[in-house]
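Here the structure is a predicted model, which means the values were calculated and not measured.
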Amino acid sequence: MKSLVCLQPQLSARAEALAAEFALQLSDEALLQQPGFHLCLDDSGLSLQQGAARPGKKRLQVQVDFVSGAVAHRRKFGGGQGQDIARAIGISAYKPTVIDATAGLGRDSFVLASLGCRVTAFERQPVIAALFQDGLERGLQDDECHDIIQRIELHHGSGHDLLQPQRFTADVVYLDPMFEHDEKARAQVKKDMQAFREVVGQDDDADDLLQRALACARCRVVVKRARKARPLADQPPTYSLTGKANRFDIYVNAKVAAPAE
Ligand SMILES: C[S@@+](CC[C@H](N)C(=O)[O-])C[C@H]1O[C@@H](n2cnc3c(N)ncnc32)[C@H](O)[C@@H]1O
C-alpha cells in the first residue's frame, strides 16, 4: 500500500511533492472504494483512511496530530521526567540526544523532544514516514509545539542502513519495533492501531538493529518491548524498567551525562 489520493484539486502540488519525497503513487478517488487503508490528502492534512466504508458510516482515519491529539495531552499531563520512557532514556537536567531508529508515527519522538531532547528519527515505511512528516509540518505552525518540533529531524530510511557511527551518533539510541502480535492480541488493539499494523506488518528483522544501535550510542540503547517478550536478539539487558503495559530494556555503554569538554 503506497498510494496517495488527493481529495482537493487545489492541493495537487502538495500531493505531488509528497509522492516524490516518499515514493508514493498518486491515485484517483476510485481507490477509496477498495477495502483496506489508503493515504488521503485534504485540507486537514494527510491521513490514513479506510476504503469501502459503508454508506453513512464515518471512515476510520489515522492522522498524526501533535497539537491536540493524545500525544498533546500526554505532553501536558503525562508525568514529565517521571514517566518510564524518560527514566529509561536517562533524562535529567542534562537532556541526552536521541536517535529514535524505529520512529513510527513519532509519538515517542515527540514525548522525548517535549522533555528537551534533540531527536533524530528514522522511519522506513513510506506511508508512515509521510504521515509523521505531515504531522511535523502542521505542528510547526502551532505556537506551543513549534520549538518542540524543531528538535525533531525525520529521515525516511531504515535503521539497518542509517545506524552507522560514521553517519549518526547520539547519547541514546531508542528502539521500539512492532511487538510480535498474535491473533488474540490483534483483536484487542484499538482500531487506529489495527490500521497501523495493517500497513507496517511485523518487524521480523528487528533483532539485527541491536548491535547497530550499540555501535551508535555513546551512553545507552533503550528497547521498548511487550511486558513479557523476550529481549531483542535474545541479549539480556543491563537492567529493565517494567511498567503496566511495556518494558524498557536498557543496555548501558556509559553513564548518561554531558560529554567532557
Ligand atoms: C511500534 S512502531 C513505533 C512506534 C513509535 N515508537 C511511536 O511512538 O509512534 C515501529 C515502527 O518502526 C518502524 N521500523 C521497524 N524497523 C525499522 C527500521 N529498521 N528502520 C526504520 N524504521 C523501522 C516500523 O515501520 C514502524 O513504523
*For the residue pair F110 and F66, does the interplanar ring angle fall in the parallel (under 30°), tilted (30 to 60°) or perpendicular (over 60°) class?*
parallel
Give a yes or no answer on whether the side chain of [X] reaches the backbone of [Y] with a donor-acceptor pair at less than 3.5 Å.
{"X": "S158", "Y": "H160", "result": "yes"}
{"X": "D100", "Y": "A121", "result": "no"}
{"X": "R247", "Y": "A229", "result": "yes"}

Shortest non-hydrogen separation from [X] to [Y] and the atoms involved:
{"X": "R212", "Y": "G159", "value": "CD-O, 4.1 Å"}
{"X": "S114", "Y": "R75", "value": "CB-CD, 3.9 Å"}
{"X": "V62", "Y": "A195", "value": "CG2-CB, 3.9 Å"}
{"X": "L131", "Y": "L48", "value": "CD2-N, 4.0 Å"}
{"X": "L232", "Y": "P177", "value": "CD1-CG, 4.3 Å"}
{"X": "L115", "Y": "Q83", "value": "CD1-NE2, 4.2 Å"}

*Greater than 12 external heavy atoms within 6.0 Å of D143's CG*: no
Under a 4.5 Å side-chain heavy-atom rule over Ile, Leu, Val, Met, Phe, Trp and Tyr, are [X] and [Y] clustered together?
{"X": "V173", "Y": "I152", "value": "no"}
{"X": "L214", "Y": "V222", "value": "no"}
{"X": "L241", "Y": "Y251", "value": "no"}
{"X": "V64", "Y": "M178", "value": "yes"}
{"X": "L112", "Y": "F122", "value": "no"}

Find out whether [X] and [Y] are in side-chain contact, i.e. whether some heavy atom of one side chain is under 4.5 Å from a heavy atom of the other.
{"X": "H156", "Y": "E21", "answer": "no"}
{"X": "V172", "Y": "I99", "answer": "no"}
{"X": "C117", "Y": "P96", "answer": "yes"}
{"X": "Y94", "Y": "P259", "answer": "yes"}
{"X": "T169", "Y": "R218", "answer": "yes"}
{"X": "L7", "Y": "D43", "answer": "no"}
{"X": "E123", "Y": "T102", "answer": "no"}
{"X": "L32", "Y": "H38", "answer": "yes"}

From [atom1] ([X]) to [atom2] ([Y]), nearest 0.5 Å:
{"X": "C216", "Y": "L162", "atom1": "SG", "atom2": "CG", "answer": "9.5 Å"}
{"X": "L39", "Y": "L26", "atom1": "CG", "atom2": "CG", "answer": "10.0 Å"}
{"X": "R107", "Y": "D176", "atom1": "CZ", "atom2": "CG", "answer": "8.5 Å"}
{"X": "Y174", "Y": "S109", "atom1": "OH", "atom2": "OG", "answer": "9.0 Å"}

_No-hydrogen, no-angle side-chain donor-acceptor test under 3.5 Å, K95 and Q81_ = yes
*Hey, are E153 and H155 close enough side-chain-wise for a donor-acceptor pair under 3.5 Å?*
yes
Applying side chain to side chain contact (heavy atoms under 4.5 Å, CB included), can you list everything that pairs with [X], at least two apart in sequence or on another chain?
{"X": "S27", "answer": "S3, V5, L31"}
{"X": "D147", "answer": "none"}
{"X": "L11", "answer": "C6, Q8, L41"}
{"X": "D84", "answer": "R87, F248"}

_Determine whether R14 and D134 satisfy the following criterion, salt bridge (Lys or Arg N to Asp or Glu O under 4.0 Å), listing intermediate values before the conclusion._
CA-CA 11 Å; R14 164 90 176 133; D134 182 68; 2.8 Å; yes
*Going through the checks in order, is the side-chain contact (heavy atoms from CB on, under 4.5 Å) test met by Q125 and V199?*
CA-CA 8 Å; Q125 214 298 330; V199 173; 3.7 Å; yes
_Do the side chains of R124 and D203 get close enough for a salt bridge, i.e. N-O under 4.0 angstrom?_
yes
_Strictly below 4.0 Å, N to O, side chains only: are D108 and K224 in salt-bridge contact?_
yes
*Dump the intermediate steps for side-chain contact (heavy atoms from CB on, under 4.5 Å) on Q63 and L46, then the final yes or no.*
CA-CA 7 Å; Q63 189 170 55; L46 196 64; 5.5 Å; no
*CA sep, side-chain torsions, deciding dist, call: R225, R230, side-chain contact (heavy atoms from CB on, under 4.5 Å)*: CA-CA 8 Å; R225 302 296 280 164; R230 65 176 178 84; 4.2 Å; yes
*Would you please test D171 and R118 for salt bridge (Lys or Arg N to Asp or Glu O under 4.0 Å) and show each step?*
CA-CA 10 Å; D171 293 318; R118 290 207 161 271; over 6 Å; no
_Any residue meeting salt bridge (charged side-chain N to carboxylate O under 4.0 Å, His left out) with D161, in chain and number order, not counting sequence neighbours_ = none
*asked:* Once ring pair (Phe, Tyr, Trp, His ring centres under 6.0 Å) is applied, do any residues pair with F196, and if so which ones, sequence neighbours excluded?
replied: none
*Would you sort out whether E16 and L18 count as a side-chain contact (heavy atoms from CB on, under 4.5 Å), showing the intermediate values?*
CA-CA 5 Å; E16 279 169 25; L18 281 166; over 6 Å; no
